[in-house]
Protein chains: 2
Amino acid sequence: MTEVASSPAPATDDRHVRIGEAAQLAGVSERTLRYYEEIGLLNPSGHSAGGCREYGAAALARVARIRELQELIGLNLEEIRGVVTREDRIGSLRDAFNQTDDPRERSALVLEALDMTEALHARVAAKVERIAEFRDELADRVAHYRALLAERATEAEERSAS
Amino acid sequence: MTEVASSPAPATDDRHVRIGEAAQLAGVSERTLRYYEEIGLLNPSGHSAGGCREYGAAALARVARIRELQELIGLNLEEIRGVVTREDRIGSLRDAFNQTDDPRERSALVLEALDMTEALHARVAAKVERIAEFRDELADRVAHYRALLAERATEAEERSAS
DNA sequence: GTGCCATCTTACGTGAACGTCAAATCTGTG
DNA sequence: CACAGATTTGACGTTCACGTAAGATGGCAC
């Protein structure tokens with residue numbers, strides 16, 4: 001998968017795309033990207049001179065995360081805003097962590113990040129439990145039907161053997 | 001859990017409740033129950049002489065199933081209608097199964113029920129996989145922060161020991 | 001029969017998450 | 001520069017899953 005660049009591709013991966021390609025890549029509509037910006041969920045990485053939105057890799061990753069939280073976990077955009085805001089805060093905590101030498105402060109920062117992550121983890125874990133239960137129930141039914149089918153087949157064999 | 005009936009409770013569990021109590025028991029609004037009926041998702045077990053809806057245990061169980069599919073799996077009511085319709089069909093298949101003696105027909109009926117259940121199972125299983133992955137990722141982060149905290153604590157001890 | 005609360009039908013309202021359309025502007029190409 | 005196509009900012013429309021209010025009935029105690 002090593003790509004032979006026909007043009008000298010920039011080593012730094014800060015390529016920006018405009019809204020059309022960004023929407024394509026993220027698998028959402030342009031309207032959705034603008035809407036996310038409206039409600040303070042996602043800011044473009046920057047803007048062109050003329051005012052066109054420019055999306056970088058980080059912004060696209062954020063869209064992916066938003067969709068994940070939305071479709072997989074079932075959070076609404078307001079809740080998602082809470083989560084990603086906290087994650088942003090974790091990022092700035094990381095910066096703060098690297099800039100302070102006070103060990104007590106560093107511990108406090110880590111503790112905050114830990115709490116945030118634990119809360120989301122608990123929620124997701126609970127959901128996994130419930131869905132897994134659901135899945136197992138379905139698996140049982142599938143096994144039940146399979147057993148019934150096998151029984152049918154056995155009877156058929158016996159009949160043809162008699 | 002053997003209940004001592006203060007009044008001669010009917011041995012048969014075909015008690016019916018009206019919409020108010022049904023909504024309470026199911027944890028939804030009365031409007032929701034009527035709406036489900038509107039869109040052909042749920043029919044009351046019967047009606048009183050005057051026209052009041054009467055809900056039995058089966059109807060209440062169906063509401064629970066609907067909510068499960070909605071909140072847990074994230075299906076919309078149209079998709080849910082598809083699922084429960086197929087489940088109803090499985091029920092009628094069971095009846096047909098018990099009323100026929102033709103082994104080929106019995107196999108065919110079981111096979112149909114199997115297919116339906118397998119399809120839903122596959123969908124749910126896929127979702128569990130993805131969410132579990134998500135959960136594990138979060139667990140990793142939690143562990144990471146915990147490790148960082150432990151490191152902080154150790155350093156603090158060393159400092160106080162010196 | 002008379003209250004009184006629950007329930008009925010009908011119908012309009014709502015919030016979330018976008019869709020869609022119009023008119024102006026930007027961007028890249030010949 | 002001229003032109004085509006992408007993008008911009010409003011602003012109104014839409015779908016889903018109900019909420020809510022109004023007026024008429026039902027169910028039941030007294």
Side-chain angles (χ1 to χ4, degrees), chain A residues 6-7 10 15-56 59-60 62-85, chain B residues 7 15-56 59-60 62-85:
Chain A
S6 55
S7 63
R15 287 217 40 159
H16 290 83
V17 296
R18 288 190 319 226
I19 200 169
E21 195 175 346
Q24 286 273 323
L25 293 173
V28 301
S29 71
E30 305 181 6
R31 170 62 171 140
T32 295
L33 293 179
R34 295 199 192 95
Y35 179 62
Y36 287 174
E37 188 178 348
E38 259 186 63
I39 63 175
L41 200 51
L42 168 77
N43 290 113
S45 313
H47 295 83
S48 74
C52 281
R53 279 165 256 257
E54 310 268 4
Y55 296 88
L60 292 178
R62 193 184 180 97
V63 177
R65 179 139 195 93
I66 291 171
R67 300 306 278 195
E68 207 169 19
L69 291 169
Q70 187 180 19
E71 295 167 5
L72 212 56
I73 315 300
L75 304 185
N76 62 39
L77 297 187
E78 186 60 28
E79 295 172 304
I80 294 176
R81 206 169 58 80
V83 171
V84 297
T85 297
Chain B
S7 61
R15 283 214 45 160
H16 290 84
V17 296
R18 290 191 315 226
I19 200 171
E21 196 174 345
Q24 286 273 323
L25 291 173
V28 301
S29 71
E30 305 181 6
R31 170 64 171 138
T32 295
L33 293 179
R34 296 199 192 95
Y35 179 63
Y36 287 174
E37 189 179 347
E38 260 186 62
I39 63 175
L41 199 52
L42 168 78
N43 289 114
S45 312
H47 295 83
S48 73
C52 280
R53 280 164 256 257
E54 309 269 5
Y55 296 88
L60 292 179
R62 194 185 179 95
V63 177
R65 179 138 195 93
I66 291 172
R67 300 306 280 196
E68 207 168 19
L69 290 168
Q70 186 181 20
E71 294 167 6
L72 212 55
I73 316 299
L75 305 185
N76 62 37
L77 295 187
E78 186 60 27
E79 296 172 303
I80 293 176
R81 206 168 59 80
V83 171
V84 297
T85 298

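Throughout, protein chains are lettered first and strands after them, A, B, ... in sequence-line order, and every chain is numbered starting at 1. What you see is a predicted model, and the numbers here were worked out from it, not measured in a lab. Basis for what follows: all heavy atoms, side chains included, without hydrogens, waters or symmetry-related copies.
- Of the listed nucleotides (D:dT7, C:dA17, C:dT7), D:dT7 has the atom at the smallest distance from the side chain of A:Glu30.
- Comparing A:Gly51 and B:Arg34 by the nucleotide of DNA chain C whose heavy atom lies nearest to each, the residue mapping closer to the 5' end is B:Arg34.
- The side chain of B:Leu77 approaches D:dC18 more closely than any other nucleotide in the set D:dC12, C:dC8, D:dC18.
- The distance from atom CD of A:Glu79 to atom C1' of C:dA17 is 14 Å, rounded to the nearest whole Å.
- The separation between B:Tyr55 atom OH and C:dA6 atom P is 17 Å, rounded to whole Å.
- Nearest nucleotide to the B:Ile19 side chain, out of C:dA17, C:dC8, C:dC26: C:dC8.
- Here the side chain of B:Thr32 is nearest to one of D:dC18, C:dC18, C:dC8, namely D:dC18.
- The phosphate of C:dG19 (OP1 or OP2) has a side-chain N or O of A:Ser29 nearer than 4.0 angstrom.
- With rounding to the nearest 0.5 Å, the separation of CD in A:Glu71 from CD1 in A:Ile73 is 11.0 Å.
- Distance check: B:Leu42 CG to B:Ile80 CD1 gives 12.0 Å after rounding to the nearest 0.5 Å.
- Rounded to a whole Å, the NE2 atom of B:His16 is 15 Å from the P atom of C:dT7.
- Look at CZ on B:Arg53: it is 16 Å from P on D:dT25, rounded to the nearest Å.
- Rounded to whole Å, the distance from CG on B:Leu75 to P on D:dA17 is 10 Å.
- Between A:Arg34 and A:Glu37, none of the side-chain N atoms (NZ, or NE/NH1/NH2) sits under 4.0 Å from a carboxylate O, so this pair counts as no salt bridge.
- No contact: A:Glu38 has no heavy atom under 4.0 Å from any strand.
- A:Arg81 comes within contact range of no nucleotide atom at all, as no heavy-atom separation falls under 4.0 Å.
- If you measure from atom CD of A:Glu37 to atom C1' of D:dT8, you get 11 Å, rounded to the nearest angstrom.
- Annotation: of the two residues near DNA chain D, B:Arg67 and B:Ser48, the 5′-most nearest-nucleotide partner is B:Arg67.
- If you check C:dC18, D:dT8, C:dT7 against the side chain of A:Tyr35, the one that comes closest is C:dC18.
- Atom P of nucleotide C:dT27 and atom CD of A:Glu21 are separated by 16 Å, given to the nearest angstrom.
- Across D:dA17, C:dT7, D:dC12, the shortest atom-to-atom separation from the side chain of A:Arg31 is found for D:dC12.
- Between A:Gln70 and C:dC18, a side-chain N or O to OP1/OP2 separation shorter than 4.0 Å is present.
- Counting non-hydrogen atoms of other residues, nucleotides and ligands closer than 6.0 Å to CD of A:Gln24 gives a total of 12 or fewer.
- Spacing between atom CD of A:Glu71 and atom C1' of C:dA16 amounts to 15 Å, rounded to whole angstrom units.
- For the pair B:Arg53 and B:Glu30, the salt-bridge criterion is not met [side-chain N within less than 4.0 Å of a carboxylate O].
- For B:Arg18, counting side-chain heavy atoms from C-beta on, the closest listed nucleotide (C:dT7, C:dT27, D:dA17) is C:dT7.
- At a threshold of 4.0 Å, the pair B:Glu38-B:Arg31 counts as salt-bridged, since one of the basic side-chain nitrogens sits closer than that to a carboxylate oxygen.
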